[in-house]
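Chain naming here is simple, since letters A, B, ... match the order of the sequence lines and numbering starts at 1 in each.
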2 protein chains.
Amino acid sequence: MVKYQEIANELRNQIQEGVYKAGEQLALEREMCEQYGVSRITIKKAVDQLVKEGLVVKRRGSGTFVKSLANEDVHDISMANQFSGFSKVFEGHKVSTKVVRFDIIHPTAEVAEKLNITTDDFVYDIVRLRQVDGSPVVIEYTNMPIELIPGIKREVLEKSIYRYIEEQLHFKIQSAHRFIRALLPTPEEEELLQIEHGTMPILEVEQVAFLDDGRAFEYAKAHHRGDKQVFRVVSIR
Amino acid sequence: MVKYQEIANELRNQIQEGVYKAGEQLALEREMCEQYGVSRITIKKAVDQLVKEGLVVKRRGSGTFVKSLANEDVHDISMANQFSGFSKVFEGHKVSTKVVRFDIIHPTAEVAEKLNITTDDFVYDIVRLRQVDGSPVVIEYTNMPIELIPGIKREVLEKSIYRYIEEQLHFKIQSAHRFIRALLPTPEEEELLQIEHGTMPILEVEQVAFLDDGRAFEYAKAHHRGDKQVFRVVSIR
DNA sequence: GAGTGGTCTAGACCACCCC
DNA sequence: GGGTGGTCTAGACCACTCG
């Protein structure tokens with residue numbers, strides 16, 4: 001662990017434990033330099049991390065201040081803005097997966113463009129129903145180029161494709177570009193998600209995911225039951 | 001404009017104009033130092049900006065590479081992750097506002113906690129219907145402490161509260177913490193948004209917005225017609 | 001005017017990737 | 001082993017806030 005992360009963690013803990021309360025001013029950057037025995041740029045990197053997480057604001061000419069956050073929001077704030085696959089989000093719960101479809105097809109023109117391949121290439125065409133603690137939560141429609149992500153078997157789908165990519169293929173996942181919408185479920189989706197007709201919308205998360213060399217490796221649409229998923233973001237000017 | 005922003009803009013333009021294509025490697029950081037006549041940290045800050053925007057990836061030991069993005073996504077990428085009020089988003093369109101409610105009340109316990117005030121304080125209680133080019137698009141439910149944001153009149157509501165806060169009160173808006181969900185509209189909302197019953201979901205954006213001194217100044221829920229709004233995010237590991 | 005964070009320098013060493 | 005980006009230093013000056 002590098003210095004600026006350690007300092008960021010320490011400051012985050014102090015805020016979450018109430019050492020610094022809502023609205024209070026943090027120690028000055030030049031003071032923290034002495035306190036931690038590091039240079040000012042290192043302190044800046046640490047505090048900038050907290051700004052990105054949404055815990056504090058910096059004002060040139062004044063100082064750094066803790067945001068007036070509700071108690072509940074102070075504690076799980078560092079989870080916002082974060083990238084993670086489905087299995088990761090529900091760690092600790094009993095997650096099961098039903099593979100609804102598992103084929104190889106030519107991608108549509110739209111998917112081909114998103115993945116930077118041609119419609120002559122091949123992609124997996126995967127549909128999975130995810131259940132958490134026995135209740136259906138989300139349907140995931142996934143396309144991945146077989147050339148980039150070879151060797152996917154049914155047992156991989158039943159666990160985590162991301163874990164397979166990182167642990168078996170030794171790729172690193174870098175980012176995801178997401179579009180979020182509200183939709184109504186199709187009749188098939190109502191059945192899979194156990195929704196009584198007309199009583200529940202779908203939160204759609206469309207995403208293109210990227211490896212750390214910049215290649216797009218996944219085009220996916222996740223259709224979440226409206227009552228089971230909330231998407232969280234901290235937007236800074 | 002500072003150096004690192006100018007360099008970031010120049011690099012972004014080069015990528016958008018195809019000087020650097022998908023998958024290609026950018027000049028090395030040490031090369032760019034000479035090219036632009038700046039130090040390495042300045043180059044790093046510029047390139048890190050593009051990483052945050054989702055245009056490139058950096059790999060220690062290898063270099064910096066342009067992401068394999070679809071053409072459409074390369075060009076408006078810098079708009080993602082950004083904070084902006086409603087009026088800003090629809091700049092250039094004919095926006096009209098119908099003030100449905102404009103009262104002053106005590107906040108609910110939930111809202112009071114989010115705004116860091118008590119239920120004995122007062123907040124504006126505002127409901128507005130926003131129309132773009134004549135079509136209803138979103139209903140905004142807004143609470144703001146009257147003490148922090150005094151002097152709001154009906155004509156402010158019909159334009160932009162944010163512009164009033166920045167231009168009249170001379171506050172700066174720093175950030176918004178958002179929760180995004182899918183909902184079904186209430187009968188009243190169906191009427192206001194001209195939705196035929198049961199044919200369209202709502203994309204709810206719940207947010208607490210903050211001034212640059214860290215104070216929460218707004219609790220709002222925006223209920224967007226499902227067909228009129230997409231929320232866009234770039235998530236990085 | 002005093003004090004804050006923002007930017008920038010010129011250099012060093014480290015962790016990691018690829019040959 | 002050679003080259004990449006990541007971190008860090010010790011210092012300087014600038015832009016801004018506030019009394």
K.L.:
Reading DNA chain C from 5' onward, which residue's closest nucleotide shows up sooner: A:Gly63 or B:Arg40?
P.N.:
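The answer here is A:Gly63.
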K.L.:
Decide, yes or no, whether a salt bridge links B:Glu29 with B:Arg60 under the criterion of side-chain N to carboxylate O below 4.0 Å.
P.N.:
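No, B:Glu29 and B:Arg60 are not salt-bridged.
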K.L.:
Walk along nucleotides 14-19 of chain C from 5' to 3' and tag each nucleotide B, S or - by protein heavy-atom contact under 4.0 Å, base first, then sugar-phosphate.
P.N.:
-BBBS-
K.L.:
Does atom CD of B:Glu34 have more than 12 heavy-atom neighbours from other groups under 6.0 Å away?
P.N.:
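Open: at most 12 neighbouring heavy atoms sit under 6.0 Å from CD of B:Glu34.
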K.L.:
Nearest-Å distance, CD (A:Glu31) to C1' (C:dG5)?
P.N.:
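Nearest whole value for this atom pair: 13 Å.
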K.L.:
Touch check for A:Lys44, heavy atoms < 4.0 angstrom, all strands: base, sugar-phosphate only, or nothing?
P.N.:
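Touches a base.
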K.L.:
Honestly, is A:Lys221 close enough over A:Tyr141, meaning NZ or CZ under 6.0 Å from the six-membered ring centre and within 45° of the axis?
P.N.:
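No, cation not above the ring by the 6.0 Å, 45° rule.
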K.L.:
Would you classify B:Val47 as touching base, sugar-phosphate or nothing, given that sugar-phosphate means primed atoms plus P, OP1 and OP2, and contacts are heavy atoms under 4.0 Å?
P.N.:
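Counting heavy atoms under 4.0 Å across all strands, no contact is made by B:Val47.
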K.L.:
On DNA chain D, reading 5' to 3', which nucleotide is the first and which the last to sit with an atom under 4.0 Å from a heavy atom of chain A, could you check?
P.N.:
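So the contact region on DNA chain D extends D:dT7 to D:dC18.
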K.L.:
Not counting sequence neighbours, which residues clear salt bridge (charged side-chain N to carboxylate O under 4.0 Å, His left out) with A:Arg181? List them please.
P.N.:
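In terms of salt bridge (charged side-chain N to carboxylate O under 4.0 Å, His left out), with neighbours along the sequence ignored, A:Arg181 is linked to A:Glu204, A:Glu206.
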K.L.:
Is the closest side-chain heavy-atom distance between B:Lys58 and B:Asp48 below 4.5 Å?
P.N.:
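Sidechains of B:Asp48 and B:Lys58: in contact.
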K.L.:
Ring of B:Phe210, cation from A:Lys67 - is the NZ or CZ under 6.0 Å from the centre and inside 45° of the axis?
P.N.:
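The answer is yes; both the distance and angle limits are met.
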K.L.:
Is any side-chain heavy atom of A:Ser235 less than 4.5 Å from a side-chain heavy atom of B:Arg178?
P.N.:
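Yes, their side chains come closer than 4.5 Å.
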K.L.:
May I ask you to say whether A:Arg12 pairs ionically with A:Glu17, meaning some side-chain N is under 4.0 Å from a carboxylate O?
P.N.:
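A salt bridge is absent here (no side-chain N lies under 4.0 Å from a carboxylate O).
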K.L.:
In terms of the nearest nucleotide of DNA chain D, which residue is placed more toward the 5' end: A:Ile41 or B:Ala27?
P.N.:
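Per heavy-atom nearest nucleotide, the more 5' residue is B:Ala27.
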